[in-house]
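It should be emphasised that the depicted structure is a prediction, and the values quoted were computed from it without experimental measurement.
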Amino acid sequence: MALLLRFVLLCGVADFARSLSITTPEEMIEKAKGETAYLPCKFTLSPEDQGPLDIEWLISPADNQKVDQVIILYSGDKIYDDYYPDLKGRVHFTSNDLKSGDASINVTNLQLSDIGTYQCKVKKAPGVANKKIHLVVLVKPSGARCYVDGSEEIGSDFKLKCEPKEGSLPLQYEWQKLSDSQKMPTLWLAEMTSSVISVKNASSEYSGTYSCTVRNRVGSDQCLLRLNVVPPSNKAGLIAGAIIGTLLALALIGLIIFCCRKKRREEKYEKEVHHDIREDVPPPKSRTSTARSYIGSNHSSLGSMSPSNMEGYSKTQYNQVPSEDFERTPQSPTLPPAKFKYPYKTDGITVV
């Protein structure tokens with residue numbers, strides 16, 4: 001009885017060994033963003049597997065918000081790779097003959113959205129087998145920047161910082177001194193693997209060129225820093241200079257504003273004077289016409305006089321006939337000559 005039971009078990013194990021199976025073990029693969037991930041899936045068939053060969057790859061996204069979705073399918077000797085929009089054009093079978101037992105795929109130009117669990121299923125009736133592979137996409141450290149946070153003066157405290165622009169955690173840091181003795185200060189040794197080194201009571205011996213290397217499991221990046229520890233600057237002089245410069249700037253601005261306002265007032269005054277001139281006053285007559293008008297009026301006066309009136313007529317009136325210098329204003333022996341803005345008449349003479 002025991003021999004019979006052993007024979008049955010051996011037959012069952014033999015049948016199981018001859019059935020379809022995937023020989024690739026389950027594993028986790030880590031790749032950097034932008035690289036290509038190779039997901040293996042190799043299988044063997046048994047003589048009893050006589051049905052059509054179907055191969056499909058599915059993805060279970062890492063956020064667990066979506067159900068498993070087919071990303072590529074082989075069925076009826078045809079390949080269908082447009083099921084999953086996020087991977088369209090980026091997933092391909094690596095073998096041209098899938099019946100040879102290789103259903104591996106490549107996922108190109110990896111993105112963070114490609115993180116998840118991938119499942120390979122092989123069917124050939126009556127055999128069925130599947131295996132899972134966990135894909136992790138990491139971002140290489142890049143854009144590392146080294147800088148000094150604080151004043152690089154003797155006796156002061158400041159920090160040396162190393163910051164990558166991007167990079168998947170966990171990140172590791174390593175500082176090195178590249179110049180002079182290439183030996184890091186003893187007080188800094190505890191922070192050699194940190195992104196920040198705190199410097200206390202700095203001395204000129206700290207001056208030099210330093211490098212910071214930041215890395216993770218898929219890559220690394222490096223930046224350089226030039227540290228120059230100098231004597232303290234004359235802060236009082238700098239402050240005084242800044243104050244004087246500010247005052248001079250304010251004075252210059254005030255002078256410009258004063259000149260602009262003065263010029264504007266002068267222009268306004270000229271416009272007001274121009275508008276005050278009366279437009280209805282006729283222009284002054286010429287010198288010649290004025291003189292003739294004067295002589296004519298006196299002749300008229302003489303013609304109208306009778307002989308009896310001639311004796312009372314003073315010869316001094318003829319002395320009032322304007323000469324060639326007619327434009328000169330008659331002057332009073334005691335009063336200064338009057339200045340008039342507009343033309344006027346006096347003793348029958350038009351004065352401009």
> Run the salt bridge (charged side-chain N to carboxylate O under 4.0 Å, His left out) check on Lys121 and Asp54 step by step: do they pass?
Replying inline: CA-CA 8 Å; Lys121 286 187 176 180; Asp54 292 333; over 6 Å; no

Backbone of [Y] reached by a side-chain donor or acceptor of [X] within 3.5 Å:
| X | Y | answer |
| --- | --- | --- |
| Glu30 | Met28 | no |
| Ser207 | Val229 | yes |
| Ser156 | Glu152 | no |
| Thr24 | Lys42 | yes |
| Asp221 | Gly143 | yes |

Side chains of [X] and [Y]: do they bring a donor and an acceptor to under 3.5 Å?
| X | Y | result |
| --- | --- | --- |
| Thr213 | Glu174 | no |
| Asp77 | Tyr74 | yes |
| Thr36 | Thr108 | no |
| Ser75 | Tyr80 | no |

So [Y] and [X], do their side chains get closer than 4.5 Å, heavy atoms only?
| X | Y | value |
| --- | --- | --- |
| Lys33 | Ser168 | no |
| Ser113 | Gln111 | yes |
| Pro185 | Glu205 | no |
| Pro40 | Ile29 | yes |
| Cys162 | Leu225 | no |
| Pro164 | Val214 | yes |
| Pro170 | Arg217 | yes |
| Ile244 | Leu248 | yes |

With clusters defined by side-chain heavy atoms of hydrophobic residues (ILVMFWY) lying less than 4.5 Å apart, directly or transitively, does [Y] cluster with [X]?
| X | Y | answer |
| --- | --- | --- |
| Leu187 | Met192 | yes |
| Met184 | Val148 | yes |
| Ile133 | Leu138 | no |
| Ile22 | Tyr38 | no |
| Val122 | Leu58 | no |

Within this structure, what is the [atom1]-[atom2] distance for the pair [X] and [Y], rounded to the nearest 0.5 Å?
| X | Y | atom1 | atom2 | result |
| --- | --- | --- | --- | --- |
| Asp49 | Lys123 | CG | NZ | 14.0 Å |
| Asp157 | Asp149 | CG | CG | 11.5 Å |
| Leu53 | Phe43 | CG | CZ | 5.0 Å |
| Tyr206 | Leu160 | OH | CG | 10.5 Å |
| Thr44 | Leu20 | OG1 | CG | 6.5 Å |
| Ile59 | Leu135 | CD1 | CG | 8.0 Å |

> Picking from Trp188, Trp175, Tyr147, Tyr173, what satisfies ring-ring contact (aromatic ring centres under 6.0 Å, His included) with Tyr210?
Replying inline: Trp188

Nearest non-hydrogen partners of [X] and [Y], listed with the distance:
| X | Y | value |
| --- | --- | --- |
| Pro126 | Glu48 | CD-O, 3.2 Å |
| Tyr83 | Val70 | CB-O, 3.0 Å |
| Asn216 | Pro141 | OD1-CD, 3.3 Å |
| Ser95 | Leu98 | O-CD2, 3.8 Å |
| Val218 | Lys31 | CG1-C, 4.0 Å |
| Ser104 | Trp57 | CA-CZ2, 4.4 Å |

>> What I want to find out is whether Lys140 reaches Glu35 closely enough, with some N-O distance under 4.0 Å, to be called a salt bridge.
In response: yes

Under 6.0 Å from the [atom1] atom of [X], do we count more than 12 heavy atoms belonging to anything else shown?
| X | atom1 | value |
| --- | --- | --- |
| Lys177 | NZ | yes |
| Asp97 | CG | yes |
| Gln172 | CD | no |

> What's the verdict on salt bridge (charged side-chain N to carboxylate O under 4.0 Å, His left out) for Asp114 and Arg90, showing C-alpha distance, side-chain angles and the deciding distance?
Replying inline: CA-CA 11 Å; Asp114 299 337; Arg90 296 194 294 121; 2.8 Å; yes

> Cys pair Cys223/Cys212: SG distance under 2.5 Å?
Replying inline: no

> Are the gamma sulfurs of Cys41 and Cys120 separated by less than 2.5 Å?
Replying inline: yes

